[in-house]
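Please read the structure below before turning to the comments.
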2 protein chains.
Amino acid sequence: MSQIFKEHLQKFISVSDEEFEQILRYFKIIRVSKKEILQHEGKICRHQYFVLTGCLRKYLLNEKGIEVTTEFALETWWISENRAFEFQTESLFSIQAVENSEILTIDFQSMEKLYADFPIMERYFRFVYQRAFAAYQMRIKFLYTMSKEDYFFHFYDLYPEFVQRVPQYLLASFLGLTPEYLSELRRKKRS
Amino acid sequence: MSQIFKEHLQKFISVSDEEFEQILRYFKIIRVSKKEILQHEGKICRHQYFVLTGCLRKYLLNEKGIEVTTEFALETWWISENRAFEFQTESLFSIQAVENSEILTIDFQSMEKLYADFPIMERYFRFVYQRAFAAYQMRIKFLYTMSKEDYFFHFYDLYPEFVQRVPQYLLASFLGLTPEYLSELRRKKRS
DNA sequence: CGGATCGTTGATCAACTTCAACGGTCGTGG
DNA sequence: CCACGACCGTTGAAGTTGATCAACGATCCG
């Protein structure tokens with residue numbers, strides 16, 4: 001299972017088998033079942049999560065009490081409330097399993113120690129955040145230049161398997177529209 | 001001038017004066033005047049920019065040919081098209097000076113060399129991207145949970161000096177609304 | 001002084017939301 | 001394994017937010 005993490009690491013930095021074994025000790029692997037919550041909104045954010053298999057989502061409640069999903073994490077993606085993790089404060093988001101999943105986790109103290117003991121990991125996470133940041137920049141670009149209709153069709157064409165994989169009301173929320181409107185767009189797409 | 005960069009660096013990593021002098025050699029300091037363009041949409045993205053004084057913005061043209069501003073950078077902020085920089089491909093955005101500015105720049109080759117020669121800089125940029133990513137996460141949160149009216153008032157309360165500092169049509173574009181609607185909201189705010 | 005650019009106003013319009021209702025299906029307990 | 005309830009996706013009507021368009025006045029800059 002940790003093989004998935006090893007391959008991901010080796011895309012960015014070179015680590016020997018022995019080094020990897022040592023690095024792995026700073027992490028824990030856990031199994032979570034569908035709907036299980038890893039991080040509660042308002043609670044201190046103590047961990048970052050790396051998806052080995054399965055799918056997680058990040059969400060919060062809007063003023064009407066409706067869940068708004070702002071992020072999904074699939075295999076080999078990191079997910080966390082980064083601001084809250086960096087400052088060890090209350091998370092503004094919740095993180096929940098969308099499917100039964102295997103997750104690699106690391107807590108704040110282990111992370112600090114890891115950086116101190118293996119400076120090469122600074123480089124790995126520099127890449128991880130750099131790419132995550134770039135992905136968010138693209139997302140802002142789409143949100144700012146496309147209508148919701150175009151955004152949905154664009155997303156559908158790019159990630160057809162993902163559209164099938166998650167419930168529609170979560171996808172709708174993630175794309176920033178209502179389930180009703182998403183339903184209307186699907187009909188339009190078919191015809 | 002480079003003092004501003006030094007102080008920013010030292011918020012995240014410790015570097016001696018001599019080290020800083022060496023590090024500084026990988027960068028160039030340039031002056032740009034208002035409206036000058038540093039990065040053209042469609043051209044290879046060769047540099048990252050750090051604002052010492054002044055203000056830059058990142059924007060692109062939507063399908064109607066209207067400029068959409070997706071990011072501003074004030075003093076001590078990095079700005080670049082990260083995806084295009086990482087892969088040295090065509091930028092999807094343009095970067096332009098909003099005011100006369102003093103800018104620290106670094107090109108791709110120097111960046112690679114810098115990381116190789118001063119691994120501590122991996123840590124610095126790990127922090128830079130981590131925070132930039134976190135800021136974008138917050139932005140998505142606001143965009144997903146607030147009406148444009150609420151978003152504008154919220155922004156106005158948080159950054160009143162900035163609202164005064166940039167032209168209104170740029171601010172409107174950055175907040176994702178039309179200048180006309182922004183004008184309406186201002187009137188509402190006053191009354 | 002003159003032209004272009006920027007902010008404002010009001011009228012009209014479109015995109016998307018809200019609400020209510022219905023049918024299908026999934027999973028859970030009996 | 002079946003039956004029931006809860007949840008999910010769909011549909012259509014009505015409503016709202018925010019965009020578009022056109023026109024005007026102010027201001028900035030050459």
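All values below come from the heavy atoms of this structure, side chains included, with hydrogens, waters and symmetry mates left out. Each chain gets a letter, A, B and so on, in the order the sequences are listed, and its residues count up from 1.
- Remark: aromatic rings of A:Phe72 and A:Trp77 are distant, center separation not under 6.0 Å.
- With rounding to whole Å, A:Glu184 atom CD is found 15 Å from C:dA14 atom P.
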Working note: B:Thr76 + B:Phe50, criterion side chain to side chain contact (heavy atoms under 4.5 Å, CB included); need CA distance, chi angles, decisive distance, verdict.
CA-CA 6 Å; B:Thr76 76; B:Phe50 177 86; 4.0 Å; yes
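- Of the candidates C:dC6, C:dT18, D:dG12, C:dC6 carries the atom nearest the B:Lys35 side chain, counting heavy atoms from C-beta on.
- Among the candidates A:Val32, A:Leu104, A:Ile106, A:Ile79, the single residue satisfying the side-chain contact (heavy atoms from CB on, under 4.5 Å) test with A:Tyr49 is A:Ile79.
- Atom CG in A:Asp150 sits about 14 Å away from atom C1' in C:dC16, given to the nearest Å.
- Summarising the geometry, atom NE2 belonging to A:His47 is positioned 12.5 Å from atom CZ belonging to A:Phe108; distances are rounded to the nearest 0.5 Å.
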Table of protein N/O atoms under 3.5 Å from nucleotides 25-29 of chain D N/O atoms:
none

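- Rounding to whole angstrom units, CG of residue B:Leu182 and C1' of C:dT9 are separated by 14 Å.
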Side chain to side chain contact (heavy atoms under 4.5 Å, CB included) evaluation trace for A:Glu81 with A:Glu41:
CA-CA 10 Å; A:Glu81 217 272 62; A:Glu41 187 178 337; over 6 Å; no
Sequence neighbours excluded and cut-off under 3.5 Å, please list the side-chain donor-acceptor pairs for residues 8-17 of chain B, or say none.
{"from": "B:His8", "atom 1": "ND1", "to": "B:Tyr124", "atom 2": "OH", "distance (Å)": "2.7"}
{"from": "B:Gln10", "atom 1": "NE2", "to": "B:Val15", "atom 2": "O", "distance (Å)": "3.2"}
{"from": "B:Ser16", "atom 1": "OG", "to": "B:Glu19", "atom 2": "N", "distance (Å)": "3.1"}
{"from": "B:Ser16", "atom 1": "OG", "to": "B:Glu19", "atom 2": "OE1", "distance (Å)": "3.4"}
{"from": "B:Asp17", "atom 1": "OD1", "to": "B:Lys6", "atom 2": "NZ", "distance (Å)": "2.9"}

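- Of the candidates C:dC16, D:dA22, D:dT11, D:dA22 carries the atom nearest the B:Glu180 side chain, counting heavy atoms from C-beta on.
- At C:dT9, one or more side-chain N or O atoms of B:Arg187 fall inside 4.0 Å of OP1 or OP2 (strictly under the cut-off).
- Taking the six-membered ring where the residue is Trp, the centroids of B:Tyr59 and B:Phe93 are separated by 6.0 Å or more.
- Here the P atom of nucleotide D:dA19 and the CD atom of B:Glu149 are 12 Å apart, to the nearest Å.
- For the pair B:Tyr181 and A:Tyr181, both in contact range of DNA chain D, the more 5′-proximal nearest nucleotide belongs to A:Tyr181.
- A heavy atom closer than 4.0 Å to some atom of DNA chain C occurs in B:Pro167, B:Gln168, B:Tyr169, these being the qualifying members of residues 163-177 of chain B.
- For the pair A:Ile66 CD1 and C:dT17 P, the interatomic distance rounds to 11 Å; values are reported in whole Å.
- In terms of phosphate contacts, A:Lys64 brings no side-chain nitrogen or oxygen within less than 4.0 Å of OP1 or OP2 of C:dT17.
- One side chain, A:Tyr26 or A:Asp117, offers a donor N or O that lies under 3.5 Å from an acceptor on the other.
- In this structure, the CG atom of A:Leu185 is 12 Å from the P atom of D:dT11, given to the nearest Å.
- One can place CZ of A:Phe152 at 13 Å from P of C:dT17, the figure rounded to the nearest angstrom.
- Taking the six-membered ring for Trp and the full ring otherwise, A:Phe27 and A:Phe5 have centroids separated by under 6.0 Å.
- Remark: P of C:dT17 and CG of A:Asn62 are 12 Å apart, rounded to the nearest angstrom.
- Residue A:Thr178 places its side chain closer to C:dT17 than to any other of C:dT17, D:dA19, D:dG12.
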